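Just the heavy atoms: all of them, side chains too, but no hydrogens, waters or symmetry mates, feed the values below. Note that this is a predicted model, so its numbers are computed, not measured.
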Amino acid sequence: MTVPDFETVWAALPHPAIIIDARDRIVAVNTAAEVFTSRSQRRLEGRNLSILFEGESPVRELVQQVRRDGVLHAQHGIEIQPADHPPRPADVQVMPIGDEASHLLLTIQPRAIAEKMTRSLSHRASARAVIGMAEMLAHEIKNPLAGISGAAQLLAMGHGAHDRELLDLIEAETRRITQLLEHVEQFGDLRPVTRQPVNIHDVLDRARLSAVSGFADHVRFRETYDPSLPPTVGDADQLIQVFLNLLKNAAEATPPAGAEIEIKTAFRPGVKLAFPGGRRESLPLEISVTDNGAGVPDDLKRDLFDPFVSGKAAGRGLGLSLVSKIIADHRGVVECESEPGRTTFRVLLPLWEERVDAHGAAAVRSEVV
């Protein structure tokens, strides 16, 4: 088999890529970068990076940071504005390349994780609407349902087998509706998250053990953990619920024979998320859940975390929405990458960092820069 040469691979890269030298002069751009900047390789070659990113551009700041540290840095959800173009959100990654690492490779992903964060945060607004509906449903529907269920039980005592079958159906359906209302109420819970140090491996182990003893007894699990991972900040019980939901989805997607799920943790320094107002927060803790199922249908991928969206015949469409809400409450991000035979849900979380306030009391903050 003939291996494609560098020029072929470089031209075929789907996202804009730029190589600069030690003096920030542009050495090469790929085809996607030419389209992104509306400039050809000939017009850009030898010019300073400032021709594309003027002033105090976050891209140039990221370049300077890599020059100082000598390691890869990435920033998610920043506003970039190539000269003569409107600003747009993007993920930017800069890494040193070459024998002496004097050259840098910039890659730009215009479909930013910031959009995913915005969608995750929008679920908080959705929750505010849902909670009002949940309170109404709890009062107006759950109480009558309890009466219907009780009446069905009493009627079943004095009727024949056929009637008891119908009455059992009534009781089962009232239980199902009650459970649905409880899920809606849970989604509408807007109480602040308890902020404590959380060992994410303890959370994952508890979620996995629960899965193995129940819905995932047919699955072979693989754990690939970074043992040096520092704690995150948040509520351990809520995070267990997040990973139980992700494991349940993964287990249900896997085939009956040969089912596999990998749980992986890693430390990703330099990954940051930009918030409105210019504040940036580091999200270096990465947890991924990967299954070997059929994958997420293309028509569901964009709205996968929205309320009441489900690819299951009997799904309620609240599980992943609740996952997104909880992770957003923890100031993190959840995303999904899926193709036939491999689906990965990836969660990014901040670090726990303790400081002492003016009164000598311990206080918590996540890493913010």
Has the side chain of [X] got a donor or acceptor atom that lies under 3.5 Å from a matching backbone atom of [Y]?
X      : Y      : value
Asp69  : Val71  : no
Asn30  : His15  : yes
Glu34  : Gln41  : yes
Arg67  : Ser102 : yes
Thr290 : Thr344 : no
Asp24  : Leu49  : no
Ser40  : Arg43  : yes

**OP:** Kindly determine whether Val66 and Leu72 satisfy side-chain contact (heavy atoms from CB on, under 4.5 Å), including the steps that lead there.
**Re:** CA-CA 6 Å; Val66 174; Leu72 178 151; over 6 Å; no
Can you tell if the side chain of [X] reaches within under 4.5 Å of the side chain of [Y], non-hydrogen atoms only?
X      : Y      : value
Val29  : Thr37  : no
Thr107 : Leu105 : yes
Thr343 : Asn292 : no
Val289 : Leu247 : yes
Cys336 : Val296 : yes
Leu204 : Ile287 : yes
Leu351 : Pro284 : yes
Val203 : Val198 : yes

Using the test side chain to side chain donor-acceptor pair (under 3.5 Å), find all partners of [X] that sit at least two apart in sequence or belong to another chain.
X      : value
Ser213 : none
Glu260 : Arg220
Ser210 : none
Arg206 : none

**OP:** Looking only at non-hydrogen atoms, find the nearest pair between Ala216 and Ala251 and report the distance.
**Re:** CB-CB, 3.9 Å
Show me the side-chain donor-acceptor pairs of residues 229-237 shorter than 3.5 Å, one per line, residues at least two apart or across chains.
{"residue": "Thr232", "atom": "OG1", "partner": "Pro350", "partner atom": "O", "Å": "2.6"}
{"residue": "Asp235", "atom": "OD1", "partner": "Asp237", "partner atom": "N", "Å": "2.9"}
{"residue": "Asp235", "atom": "OD1", "partner": "Gln238", "partner atom": "N", "Å": "3.0"}

With [X], which residues qualify under salt bridge (charged side-chain N to carboxylate O under 4.0 Å, His left out), at least two apart?
X      : result
Arg25  : Asp21
Arg342 : none
Arg222 : Glu262
Glu286 : Arg268, Arg346

Subject >> Shared hydrophobic cluster for Val334 and Phe267 (ILVMFWY, side-chain gaps under 4.5 Å) >> reply: yes
Original post:
If you group Ile, Leu, Val, Met, Phe, Trp and Tyr by side-chain heavy-atom gaps below 4.5 Å, do Phe215 and Ile240 land in one group?
Top reply: yes
Original post:
According to the ring pair (Phe, Tyr, Trp, His ring centres under 6.0 Å) rule, which pairs have a member within residues 216-253, sequence neighbours left out?
Top reply: His201-Tyr225
**OP:** Please report the C-alpha distance between Leu283 and Leu349 in whole Å, then the side-chain angles of each, then the deciding distance to 0.1 Å, and finally whether the side-chain contact (heavy atoms from CB on, under 4.5 Å) criterion is met.
**Re:** CA-CA 5 Å; Leu283 301 176; Leu349 291 171; 5.7 Å; no
Original post:
Passes side-chain contact (heavy atoms from CB on, under 4.5 Å), Asn48 versus Ile26? Steps please.
Top reply: CA-CA 6 Å; Asn48 191 277; Ile26 298 171; over 6 Å; no
**OP:** Find the distance between CD1 (Ile108) and CG (Leu52) and round it off to the nearest 0.5 Å.
**Re:** 8.0 Å
